[in-house]
There are 2 protein chains.
Amino acid sequence: MYDHSCSNCAMSEICLPLGLDKADIGRLEKIVTTSAVRHTGDNIVRQGDAFQNVYAVKSGMTKSYRFDDAGTEYIHSFHLPGELFGLDAIYAKRYGFTVEALDTVVLCEMNFEELQVLCSHVPSLQRQVFNLLSRDLYNSHVNPIEHFDQTAEQKLSGFLHNLLSRFHARGHVSMELHLPMSRRDIANHLGLAPETISRLLKRFQQQNVIDIKNRLVTIVDQVKLESMVHCHALEASITPSEITRSVK
Amino acid sequence: MYDHSCSNCAMSEICLPLGLDKADIGRLEKIVTTSAVRHTGDNIVRQGDAFQNVYAVKSGMTKSYRFDDAGTEYIHSFHLPGELFGLDAIYAKRYGFTVEALDTVVLCEMNFEELQVLCSHVPSLQRQVFNLLSRDLYNSHVNPIEHFDQTAEQKLSGFLHNLLSRFHARGHVSMELHLPMSRRDIANHLGLAPETISRLLKRFQQQNVIDIKNRLVTIVDQVKLESMVHCHALEASITPSEITRSVK
DNA sequence: CGAGAGCTTGAGAATTCTCAAAGTACGTGG
DNA sequence: CCACGTACTTTGAGAATTCTCAAGCTCTCG
C-alpha cells in the first residue's frame, strides 16, 4: 500500500514547507488540526459548502469532482500525499468541488481565516501561501494541456506519467502505482469512455510499457511511457493500428 | 471596436478593485506603471523569461501560449480588458507562457516583489491578492472543464458563451464579439482542427444562433447558445447530422 | 492591384464512442 | 469458509464524430 512515514512529520512541513523560525512554526501548528482520518467514500468537503478549511493529504488518495448546471459529473483531480486542496474556494467562499476519500486517508486541516491573519504578521508565511497558490495555478495551466494533446494514448500515458512523477516528487521510489479509483473515474477525468481505458491499458501492457494487476499498475518502461506522452517520438516505431492488427 | 472608457479609471481599480483607504491606494499606485501600449504581434512576456511583473489588460486582447518539450504549441487563454495575467509565474519565478498582443493593447504593469512587500503592510491588500489568485485557480479548475465536454459543438459554443460572459461581466452590453485571433488560434485553444471551427461556425449561423462577418461574431440567440453548451437540452430538437443533411 | 496568409469546402480515413454481453473481483450473509 | 449478488472490467462490432489532405476562395496589406 502507501508509505505512511510522512504521517510522522510535523504537519507544518507537509502543508507549508518553509524556513520559518520556531516561534512561527509554533503559531502555525496551533491552527492546524492533524490526523483527521477518513475512509473510502467519505466526503471531506462538498460542492457548495461554505469555505472554511484548506486541507493537505498526508496519506491515501482523494478525488475531487463537481456537477455542472446540467448535472454532468466532472472528475477534476486526484490528490496524493503531500498535496493541498481547497485553495480554489477562497474567492468564491464556497467549495467548487466535492472531495471524496478513495481509500483510508489521513488529512491535515487548516482554518484559512486564521492562516490569513497569521500571514499578515509573518511575511515569509504570506510569501509561502502566494507560492502555493501560484504553483497550483501554474500546474492547472500547464498540465491540463496534456489532456488536450489529442489522442487517447497521449492522455492516458500522460496521466500515468504525471501520477508517477508526483509520487516520486514526494520521495517514493517504487514503480508501482496503486490506483484506488475505478476505470470509470479515470475515463471521466480524461474525457474518454471507460472501454477506451480498458483497451489502452491492455495495449500498454502488450507493448511492455506497464504491467496491470487489477488496480495495481507497475511502470515497466518509463522511457517508453514518456515518449508516448509526446506522440512525435513514436513516428519511427510501430503505430497503434499496426499493434492492434498484429495482436489479432 | 472596444470600449476604452476604463483607460480613464485609476489602474488600481482595474487591477485590485477593493476598498482600500486613500493612503494605501496612493502606495499602490506608486508600484503600478500605467498605459503601456503594445501592438499586434508584440510579445508582452516570453515563456522562460524571469518573472517580474503582473499585468492587467486595460483594453484590447492578448493570447498566451507555450511550447511543450516536444515543441508542440498550446494556446492556453485569451485575456480580455479587466483581466490579469502573470500570477502563475510567482512560484516558478519564470513565465510559463508567452503573452502576445492580438490587437492594440493597453496594459497596466505591477512589480510583484513590491506588491508583495506592500501586502505585508496592508492586510486588506493581502486578502485581495489571495482572492485574485484563488479566483484564477477556481476558473481554471471549473472552466477548462467545458473543453472536455465531449463534442466540438459544446467546446465552441462554450468558448463563445464564455467570452460573451466575460465581456458582459466588465459592463459591456453589446452582443457583438470581435475575435481578433485566427481560426487556427481558436482551434488550437479548443483542441480541434481549424476546419472544424469553420464548419461549426457556419452551422451555428445556419441555426440562427450567431451571425458571422469575418472575425466579428454577433450572438443572435443567447438562449440557444447556452443550451448548446450543455448538449442534453438539444435532445428534442434537430440533431447536428440532420441539419447537415437538410442543408445539402 | 497583386501576393500571401487565412478561411472555407469536400471527400475519404481514422479514432473513439455506443451498445451489448460476457467475465471477474469483492463484500455480505448464510 | 463458501455462495451469491452487485459493481466493475473487459471484449466485440458497428456507428458517429472529427481529422487529414487537397483545392479553391477571400480578405488584408503593401
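Naming: A, B, ... by sequence-line order, numbering from 1 per chain.
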Roughly how many Å is it from [atom1] in [X] to [atom2] in [N], rounded to a whole number?
{"X": "A:Leu216", "N": "C:dA25", "atom1": "CG", "atom2": "P", "value": "14 Å"}
{"X": "A:Leu179", "N": "D:dC8", "atom1": "CG", "atom2": "P", "value": "16 Å"}
{"X": "A:Leu156", "N": "C:dT15", "atom1": "CG", "atom2": "P", "value": "16 Å"}
{"X": "B:Ile197", "N": "D:dT17", "atom1": "CD1", "atom2": "C1'", "value": "14 Å"}
{"X": "B:Ile186", "N": "C:dG6", "atom1": "CD1", "atom2": "P", "value": "13 Å"}
{"X": "B:Lys213", "N": "C:dC7", "atom1": "NZ", "atom2": "P", "value": "18 Å"}
{"X": "A:Leu200", "N": "C:dT16", "atom1": "CG", "atom2": "P", "value": "7 Å"}
{"X": "A:Arg203", "N": "C:dT15", "atom1": "CZ", "atom2": "P", "value": "9 Å"}

Given [N], is OP1 or OP2 found less than 4.0 Å from the side-chain N or O atoms of [X]?
{"X": "A:Arg215", "N": "C:dA25", "value": "no"}
{"X": "B:Ser182", "N": "C:dA5", "value": "no"}
{"X": "A:Arg199", "N": "D:dT10", "value": "no"}
{"X": "B:Lys202", "N": "C:dT8", "value": "no"}
{"X": "A:Arg184", "N": "D:dC8", "value": "no"}
{"X": "A:Thr196", "N": "C:dC17", "value": "yes"}

Inset, instruction - Assert yes or no for the condition that the ring centre distance of A:His76 to A:Tyr65 is strictly below 6.0 Å. - result: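 Ring centres of A:Tyr65 and A:His76 not closer than 6.0 Å.
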Inset, instruction - Look at the side chain of A:Asn214 and decide which nucleotide, out of C:dC7, C:dC26, D:dT18, has an atom nearest to it. - result: C:dC26
Inset, instruction - Identify, between A:Glu195 and A:Ala152, the residue whose nearest nucleotide on DNA chain C lies closer to the 5' end. - result: A:Ala152
Legend entry - 5' priority, DNA chain D, between A:Gln150 and A:Leu201 [closest heavy atom]: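 The answer here is A:Leu201.
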Legend entry - Members of residues 187-194 of chain A that approach DNA chain C, where some heavy atom sits under 4.0 Å away: A:Gly191, A:Leu192, A:Ala193
Inset, instruction - Using the ring of B:Phe51 (Phe, Tyr or Trp, six-membered ring only), decide whether B:Arg94 places NZ or CZ under 6.0 Å from its centre and within 45 degrees of its axis. - result: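 No; the conditions do not both hold, so B:Arg94 does not lie above the ring face of B:Phe51.
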Inset, instruction - Tell me, please, whether B:Tyr74 has B:Arg66 positioned over its six-membered ring: NZ or CZ under 6.0 Å from the ring centre and within 45 degrees of its axis? - result: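 Cation-pi check for B:Arg66 and B:Tyr74: fails.
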Inset, instruction - With the side chain counted from C-beta on, respond yes when B:Arg170 and B:Leu80 share a heavy-atom pair under 4.5 Å apart, and no when they do not. - result: no
Inset, instruction - Indicate yes or no: at least one non-hydrogen side-chain atom of B:Arg203 is less than 4.5 angstrom from one of B:Arg199. - result: no
Legend entry - Non-hydrogen atoms of B:Ala50 and B:Tyr95 that approach each other most closely: O-CE1, 3.4 Å
Inset, instruction - Determine, stepwise, if the pair A:Ser198 / A:Glu195 fulfils side-chain hydrogen bond (donor to acceptor under 3.5 Å, both in side chains). - result: CA-CA 5 Å; A:Ser198 264; A:Glu195 293 93 333; over 6 Å; no
